[in-house]
2 protein chains.
Amino acid sequence: MGKDFSSKTPIYLQIIQHICSQIIRGDLQPGEKLPSVREMALKMGVNPNTIQRVYMELERESLAEARRGQGTFVTENRDRLQQLRLDLKHDRIKTFIADMTEMGFTTEEISLGLVEYFAKSLNEGDK
Amino acid sequence: MGKDFSSKTPIYLQIIQHICSQIIRGDLQPGEKLPSVREMALKMGVNPNTIQRVYMELERESLAEARRGQGTFVTENRDRLQQLRLDLKHDRIKTFIADMTEMGFTTEEISLGLVEYFAKSLNEGDK
DNA sequence: CTAACTGTACTATTACCTTATAACACTAAT
DNA sequence: ATTAGTGTTATAAGGTAATAGTACAGTTAG
């Protein structure tokens, strides 16, 4: 179970991204316990040290709290989670637009490209 | 002059991205000579070996051709460049949508976010 | 208390990225 | 032929990411 990591980004960053997604989607509720370091390592097919680093980062960003002997828990600070959601949304949009602009794509080209992509997705979903 | 690299991605990949942008924007024309390995290294504030790897990658992807004793040149294959442009556009859009979707943002939320971002950009451009 | 589970810390090893430095091979101009 | 500029190759060193393995520290259930 579970290893499909891109080689171009450190695994620990990819796992952080994955957990952040689960949190802002609500799959992981505020206060909910995360799997233990060892358990998560097994689940993700990765070394416990890597998960340790992930949890450390999540704690540093006030997204999780670690309690020795008990586990690591999603923060109960709902304001922080709402902020995370908005931050991530804005950040991804900003990066995307900056990227496309640097490559010389016009606003219209980007807009058309997105519409085109959605149309294609729908067709493939019909199969 | 010239060093503002993100620590999260290998420098050589960032430089490749930068050169690709220049190529598809037309800042670098088909057949045009790229700066020599040593010159580009100086310009980017980076070790020649790193540029060597960049040029090697560009050649591997048929975007440039190296001629010993002469230099490295953008490919003259315009079809390949057009293909690159479309590939990059599609790839960025795909990644962006996949990312946003994984985080649970709806199509409308994405669309609204983009419009909002453009509006904000315009305001800041007025200063 | 004991056992089993948690987070935490450390060493060692491997691989990749980057730098520093030097040399080699080819081309063009003088 | 010499020189200068090109791509190319090689070695050594340092940093980070990830792995493997071990041990320590705190909590909880029995």
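Here is the naming used below: chain letters follow the sequence lines, and residue numbers restart at 1 for every chain. What you see is a predicted model; the values in this text were computed from it and never measured.
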**Asked** In whole angstroms, how far is the P atom of C/dT18 from the CE atom of B/M40?
**Response** 15 Å

**Message:** Any side-chain N or O of A/T50 below 4.0 angstrom from OP1/OP2 of D/dA18?
**Reply:** no

**Item:** Value rounded to 0.5 Å, distance of CD in A/Q22 from CD in B/E102
**Value:** 8.0 Å

**Request:** Mind checking the CD1-CD spacing from A/I19 to A/E57? Nearest 0.5 Å is all I need.
**Result:** 11.5 Å

**Straight-line distance of B/L88 CG to A/M100 CE, nearest 0.5 Å** = 9.0 Å

**Request:** Using only side-chain N and O atoms of A/S36, determine if any of them is under 4.0 Å from OP1 or OP2 of C/dT6.
**Result:** yes

**Asked** Quick one: A/L13 CG to D/dA18 P, roughly how many Å, whole number?
**Response** 7 Å

**Request:** Round to a whole Å and report the spacing from NZ of A/K33 to P of C/dC5.
**Result:** 12 Å

**Asked** How long is the line joining CZ of A/F5 and C1' of D/dA18, in whole Å?
**Response** 12 Å

**Request:** Please round to the nearest 0.5 Å and tell me the distance separating atom CG of B/D99 and atom CD1 of A/I93.
**Result:** 11.5 Å

**Item:** Atom pair NE2 (B/H18) and CG (B/L13), whose distance is rounded to the nearest 0.5 Å
**Value:** 14.5 Å

**Nucleotide nearest A/I11 (side chain, heavy atoms from C-beta), chosen from D/dG7, C/dG7, D/dT19** = D/dT19

**Request:** Return the 5'-most residue of the pair A/T9, B/R67 with respect to DNA chain D, ranking by each residue's nearest nucleotide.
**Result:** B/R67

**Message:** At less than 4.0 Å, is any side-chain N or O atom of A/N47 found next to OP1 or OP2 of D/dA18? Yes or no.
**Reply:** no

**Item:** Atom-to-atom span, CD of A/E39 to P of C/dC5 - whole angstrom
**Value:** 11 Å

**Item:** Enclosure of B/K94 NZ (heavy-atom neighbours >12, cutoff 6.0 Å)
**Value:** no

**Asked** How about B/R67 and B/F73: do any of their side-chain heavy atoms sit closer than 4.5 Å?
**Response** yes

**Request:** Take atom CE of B/M56 and atom P of C/dC16, then tell me their distance rounded to the nearest Å.
**Result:** 13 Å

**Message:** Any side-chain N or O of B/R53 below 4.0 angstrom from OP1/OP2 of C/dC17?
**Reply:** yes

**Message:** Please pick, from C/dC17, D/dT8, C/dG7, the nucleotide with the shortest atom-to-atom distance to any side-chain atom of B/Q52.
**Reply:** D/dT8

**Message:** In whole Å, I'd like the distance from the CD atom of B/E65 to the P atom of D/dT6.
**Reply:** 18 Å

**Asked** Think A/Y12 has a side-chain N or O under 4.0 angstrom from the OP1 or OP2 of D/dA18?
**Response** no

**Base D/dA17 to side chain A/N49, donor-acceptor N/O within 3.5 Å cut-off** = no

**Request:** Would you mind telling me which residue lines up with the more 5' stretch of DNA chain D, A/P10 or B/L34, judged by nearest nucleotide?
**Result:** B/L34

**Message:** Near DNA chain C, counting only heavy atoms under 4.0 Å, which residues of residues 68-75 of chain A show up?
**Reply:** A/R68, A/G69, A/Q70, A/G71, A/T72

**Request:** Figure out the CZ/C1' separation between B/R38 and C/dT19, and round it to whole Å.
**Result:** 16 Å

**Message:** In the structure I gave you, are the side-chain heavy atoms of A/L84 and A/L63 within less than 4.5 Å of one another anywhere?
**Reply:** yes

